There are 2 protein chains.
Amino acid sequence: MTYQEMPAVRGGSALVALADPTRRALLDMLRGRPLPVGELARQLPVSRPAVSQHLKALKAAHLVHEHRQGTRHYFSLNPSGFAELRRYVDSMWENALTTFAAYVSDQQDIQRTRRRDR
Amino acid sequence: MTYQEMPAVRGGSALVALADPTRRALLDMLRGRPLPVGELARQLPVSRPAVSQHLKALKAAHLVHEHRQGTRHYFSLNPSGFAELRRYVDSMWENALTTFAAYVSDQQDIQRTRRRDR
DNA sequence: AGTTAAGGTGAGCTATGACTTACCAAGAGA
DNA sequence: TCTCTTGGTAAGTCATAGCTCACCTTAACT
């Protein structure tokens, strides 16, 4: 890697985390309320350890938050990871819009020139 | 996979695409203006075919847009992929905020109860 | 037509990431 | 204290994503 990653998304760990469908499913289950590991695992086609490992990744990416209550480990959505992602996606989106607009007006210039030359 | 992926992000291909650091670097290079494949490859530590393959993935995810001019293939940011991502991230972020708020007020209830019982 | 520039595709290699099984730790309750 | 529940960790397996090299196509220029 000779290029240093742009400011982008602090290491991109959130994006890496979101690339996995099982992890996205976990996040979707947590939309409503905090849920313990076992309950999450029960609704997924993978083993509990797998879920545990996924939650670890999501936590490292600041996408979920853990609070324990006895032996139960509850996980809930963590706004901070999503807030950061929002900033990244928004800025890319804005850049996309402006370069797209520039492209469109360039095309219009080309069309005009062609009509004139015909 | 017994669980069907939630509405989420139409197959999640954009998220998968964004998980790779080289692809994120490509997108960052395209923030300013459309660029041809060779120019992109020259600034990256990977071969031109690798860049070609990455661009293919980005295009499939509607994150870039291709327009050819002679033998040159120009790539530019495509707003549509980012717009879709924005919707997904925004909705997750909102859910995160509300469940977080609920969690905080629950904790306050618990604190109050403890104080009362002491 | 021959040649050069630009870029996509296919085959094969390798590293890594998602899974499983087996095991260990720690609260809760008898 | 014994045991049942809940969950994290380690080790090993397997599939796949990202890379390179070699090759083919197409447009531009002589």
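Since we're looking at a predicted model, the values are computed, not measured. Chain A is the first sequence line, chain B the second, and so forth, proteins listed ahead of strands; every chain is numbered from 1.
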Looking at [X], I'd like to know whether one of its side-chain N or O atoms comes within less than 4.0 Å of OP1 or OP2 on [N].
| X | N | result |
| --- | --- | --- |
| R23(B) | dG18(D) | yes |
| H73(B) | dG8(C) | yes |
| K56(B) | dG7(C) | no |

For A96(A) against F82(B), the heavy-atom pair lying closest together: CB-CD1, 4.4 Å
Starting from [atom2] on [N], measure out to [atom1] on [X] and report it in whole angstrom.
| X | N | atom1 | atom2 | result |
| --- | --- | --- | --- | --- |
| L55(B) | dG7(C) | CG | P | 10 Å |
| L44(B) | dG7(C) | CG | P | 14 Å |
| L40(B) | dG8(C) | CG | C1' | 15 Å |
| R24(A) | dA18(C) | CZ | C1' | 14 Å |
| K59(A) | dG7(D) | NZ | C1' | 12 Å |
| E39(B) | dA5(C) | CD | P | 16 Å |
| Y74(B) | dG8(C) | OH | P | 13 Å |
| R72(B) | dA6(C) | CZ | P | 5 Å |

Hey, are the side chains of L40(B) and V51(B) touching, using non-hydrogen atoms and a 4.5 Å cut-off? yes
Under 4.5 Å between any side-chain heavy atoms of R68(B) and E66(B), yes or no?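 R68(B) reaches E66(B) side chain to side chain.
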Got a salt bridge between R87(A) and D90(A), using NZ or NE/NH1/NH2 to carboxylate O under 4.0 Å?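 D90(A) and R87(A): not salt-bridged.
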Nucleotide of [options] approaching [X] most closely (side-chain heavy atoms):
| X | options | value |
| --- | --- | --- |
| T22(A) | dT9(C), dC19(D), dC19(C) | dC19(C) |
| F75(B) | dT20(D), dG8(C), dG8(D) | dG8(C) |
| H54(A) | dG7(C), dA18(C), dT9(D) | dA18(C) |
| R68(A) | dG8(D), dC19(C), dA6(C) | dG8(D) |

Treat each ILVMFWY residue as a node, draw an edge where side-chain heavy atoms are under 4.5 Å apart, and state whether V64(A) and Y74(A) are in one component.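 No; Y74(A) is not reachable from V64(A) via cluster members.
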For E66(B), answer base if it contacts any base atom (sugar-phosphate contacts may also be present), sugar-phosphate if it contacts only those atoms, and nothing otherwise; contact means non-hydrogen atoms under 4.0 Å.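 Sugar-phosphate: the residue E66(B), judged by heavy atoms under 4.0 Å, touches backbone atoms but no base.
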Please check if the side chain of R86(B) supplies one atom and the backbone of V89(A) the other of a donor-acceptor pair under 3.5 Å. no
Between the side chain of R23(B) and the main-chain N/O of L55(B), is any donor-acceptor distance below 3.5 Å?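 No; judged by distance alone, with no hydrogens or angles, the pair does not exist.
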For nucleotides 21-30 of chain D, 5' to 3', base contacts (B), sugar-phosphate-only contacts (S) and non-contacts (-) with protein non-hydrogen atoms under 4.0 Å give BB----BS--
